[in-house]
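Numbers restart at 1 for each chain; the letters A, B, ... are given by sequence-line order, proteins then strands.
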Amino acid sequence: MFEFKLIAECKTTGARAGEFITPHGVIKTPVFMPVGTLATVKAMSPRELVEINSQIILGNTYHLYLRPGNEIISKAGGLHEFMHWDKPILTDSGGFQVFSLARLQKITDENVMCRSHIDGSQLIMSPEWSMTTQGILGSDIAMCFDQCCEYPATHDKAEEAVRRTTLWAKRSKNFFMNNNDSSRQALFGIIQGSVYDDLRERSADEIINLDFPGYAIGGLSVGESHAAMYHSLELLNNIMPKDKPRYLMGVGYPLNLVEGIARGVDMFDCVLPTRNGRNATVFTSKGRLNMRGKIYAEDFSPLDDECDCYTCKNFTRAYLRHLAMTGEILGARLFSWHNLRFSIRIAEQAREAIINGTFPKFLEDFNAKFHDDNHSED
RNA sequence: GGUGGAAUGGCCGAGUGGUCAAUGGCAACAGACUGUAAAUCUGUCGACGGGAGUCUACCAUGGUUCAAAUCCAUGUUCCACCA
């Protein structure tokens with residue numbers, strides 16, 4: 001269980017194609033993983049997720065601990081049963097909420113004293129709490145409880161996050177090995193270090209020494225430039241073991257996906273497809289479109305004529321804009337549907353290209369075609 | 001026919017002598033969103049000008065006043081009630 005097989009590697013870039021075996025199925029990499037924080041990928045049913053070939057989705061420890069809570073998840077028989085999803089699930093540890101809900105908490109080496117963003121009640125997050133909750137959730141892949149550093153951060157601040165992340169990784173693994181079912185659940189380590197090379201190297205070294213079945217790169221896509229992100233990925237590509245999956249946390253902007261794959265990343269997750277979908281922005285093979293734009297009012301062409309999704313095969317831009325302008329739920333659904341399929345298809349196409357030995361061309365073509373005025377730095 | 005009330009920027013609606021080109025909301029237009037406190041948030045929203053500013057504006061016309069969306073007169077339209 002949890003074996004990672006490297007199937008092909010690109011000869012000129014760092015891109016890899018592989019398979020990761022889990023209790024709920026084989027994940028073909030590179031893979032894009034839709035985010036379903038609260039036991040639902042917002043606006044999508046599990047049936048639809050299967051239709052767009054979602055191989056694995058995410059859930060969130062912090063959010064699910066608050067609602068519905070461990071007792072109900074436990075009674076339901078775990079997260080898979082609870083939400084009727086029988087493919088793999090990866091649960092984030094709550095570490096990201098230490099970052100995103102930072103104002104509501106006090107962090108020490110021991111734990112994170114936090115206030116619920118829902119009702120202000122106190123809860124204490126720790127590696128042990130996270131492992132316990134992820135054990136109850138029963139995800140295929142659990143994540144270490146880490147500290148994600150804000151950007152920009154001083155070297156000292158970033159170093160503290162690295163130190164604490166290692167400390168917590170040790171506690172996470174120790175507790176996990178003694179209490180969780182490691183035959184049914186894999187625990188991934190998380191590398192921090194912000195944009196500092198020495199810290200990234202140190203964090204990678206410390207986390208890899210703890211020996212996990214997979215490694216995640218955290219603390220990126222938090223505001224740094226794409227160039228800085230790519231630099232860190234290149235650095236880590238040379239350090240991380242080839243026989244383990246690499247997961248770039250929180251990344252899903254289309255250009256970042258292909259560039260991440262080119263730098264040896266196997267797994268991605270991101271809220272962007274669903275969040276932007278709900279806000280009527282879509283990604284297409286030619287770039288990003290804000291579908292609330294008046295210019296689409298009488299545009300009867302599909303969102304993306306190269307896309308194979310339900311939205312693109314059946315609806316016009318004019319109709320989709322109408323749904324967006326009227327705030328109809330179907331608009332949020334159809335945009336999310338497309339964006340997810342678009343992201344998943346990038347990974348599928350990249351995989352195919354890697355296996356066929358044509359990845360460099362795929363990368364070049366994708367970059368040439370995808371236009372976005374707001375991300376022209378790349 | 002009588003009595004009372006109301007007319008404000010695309011819409012709704014505040015404002016009752018100067019600090020009003022006029023609060024709010026909606027609509028519209030534009031933008032943002034990367035391990036989800038997000039079906040959310042931000043900006044613009046009379047015209048011209050880079051700007052200082054100028055012009056046109058609160059039903060119409062006339063008037064009072066240094067000054068009117070705000071006061072007065074007449075008219076028009078609408079609403080309510082009574083016949």
Under 3.5 Å on both distances, the Watson-Crick or G-U partner of [N]:
| N | result |
| --- | --- |
| B/rG75 | B/rC59 |
| B/rG51 | none |
| B/rU34 | none |
| B/rG1 | B/rC82 |
| B/rU16 | none |
| B/rU23 | none |
| B/rG9 | none |
| B/rC29 | B/rG43 |

Considering only the [atom1] atoms, how many Å lie between [N] and [M], rounded to the nearest integer?
| N | M | atom1 | result |
| --- | --- | --- | --- |
| B/rC71 | B/rG17 | P | 8 Å |
| B/rG1 | B/rU56 | P | 40 Å |
| B/rG50 | B/rU61 | C1' | 40 Å |
| B/rG63 | B/rU54 | P | 25 Å |
| B/rU16 | B/rG5 | C1' | 16 Å |
| B/rG10 | B/rG2 | C1' | 38 Å |
| B/rA68 | B/rA21 | P | 12 Å |
| B/rG13 | B/rC26 | C1' | 10 Å |

For [X] and [N], what is the distance between atoms [atom1] and [atom2] respectively, to the nearest whole Å?
| X | N | atom1 | atom2 | answer |
| --- | --- | --- | --- | --- |
| A/Glu150 | B/rU34 | CD | C1' | 17 Å |
| A/Met229 | B/rU34 | CE | C1' | 7 Å |
| A/Met291 | B/rC33 | CE | P | 18 Å |
| A/Tyr151 | B/rG35 | OH | C1' | 19 Å |
| A/Ile89 | B/rG35 | CD1 | P | 18 Å |

*Can you check salt bridge (charged side-chain N to carboxylate O under 4.0 Å, His left out) on A/Lys242 and A/Glu9, steps first, answer last?*
CA-CA 10 Å; A/Lys242 286 192 175 295; A/Glu9 284 181 275; 3.3 Å; yes
Please tabulate, for the side chains in residues 270-281 of chain A, all donor-acceptor contacts under 3.5 angstrom to protein atoms that are two or more places apart in sequence or on a different chain.
from     : atom 1 : to       : atom 2 : distance (Å)
A/Thr274 : OG1    : A/Val271 : O      : 3.0
A/Arg278 : NE     : A/Thr274 : O      : 3.4
A/Asn279 : ND2    : A/Arg275 : O      : 3.2

*asked:* The side chain of A/Lys294 is closest to which nucleotide in this list: B/rG35, B/rU34, B/rA30?
replied: B/rA30
*Ignoring the backbone of A/Asn290, work out which of B/rG35, B/rG31, B/rC33 is nearest its side chain.*
B/rG31
Salt-bridge present ([X], [Y]; N to O < 4.0 Å):
| X | Y | result |
| --- | --- | --- |
| A/Arg164 | A/Asp109 | yes |
| A/Lys28 | A/Glu19 | no |
| A/Glu348 | A/Arg341 | yes |

For [X], which contact category applies under a 4.0 Å heavy-atom criterion: base, sugar-phosphate, or nothing?
| X | answer |
| --- | --- |
| A/Ser116 | nothing |
| A/Gly277 | nothing |
| A/Met325 | sugar-phosphate |

*asked:* Does the Lys NZ or Arg CZ of A/Lys5 fall within the cation-pi geometry relative to A/Phe20 - under 6.0 Å from the ring centre and within 45° of the axis?
replied: no
*Please say whether the positively charged group of A/Arg263, taken as NZ for Lys or CZ for Arg, lies over the ring of A/Tyr230, i.e. under 6.0 angstrom from the six-membered ring centre and within 45 degrees of the axis.*
yes
*With nearest nucleotides of RNA chain B determined for A/Gln192 and A/Ile295 from heavy-atom distances, which residue corresponds to the more 5′ nucleotide?*
A/Ile295
Report each atom pair, protein N/O against N/O of nucleotides 36-42 of chain B, whose distance is under 3.5 angstrom.
from   : atom 1 : to       : atom 2 : distance (Å)
B/rU36 : OP1    : A/Asn60  : ND2    : 3.2
B/rU36 : OP1    : A/Asp92  : OD2    : 3.2
B/rU36 : OP2    : A/Thr37  : OG1    : 3.1
B/rU36 : O4'    : A/Arg275 : NH2    : 3.1
B/rU36 : O3'    : A/His63  : NE2    : 3.1
B/rU36 : O3'    : A/Gln97  : NE2    : 3.4
B/rU36 : O2     : A/Arg275 : NE     : 3.4
B/rU36 : O2     : A/Arg275 : NH2    : 3.2
B/rU36 : N3     : A/Arg278 : NH2    : 2.7
B/rU36 : O4     : A/Thr274 : OG1    : 2.3
B/rU36 : O4     : A/Arg278 : NH2    : 3.2
B/rA37 : OP2    : A/Ser100 : OG     : 2.6
B/rA37 : O5'    : A/His63  : NE2    : 3.1
B/rA38 : O2'    : A/Arg278 : NH1    : 2.9
B/rA38 : N7     : A/Arg275 : NH1    : 3.4
B/rA38 : N7     : A/Arg275 : NH2    : 2.8
B/rA39 : OP2    : A/Arg278 : NH1    : 2.3
B/rU40 : N3     : A/Asn279 : OD1    : 3.4
B/rU40 : O4     : A/Asn279 : OD1    : 3.2
B/rU40 : O4     : A/Arg292 : NH2    : 2.7

*Share the residues that join A/Leu199 in a hydrophobic cluster, the rule being Ile, Leu, Val, Met, Phe, Trp or Tyr side chains under 4.5 Å apart at the heavy-atom level.*
A/Val162, A/Tyr196
*asked:* What I'd like to find out is whether the side chain of A/Val112 reaches to under 4.5 Å of the side chain of A/Phe145, using heavy atoms alone.
replied: yes
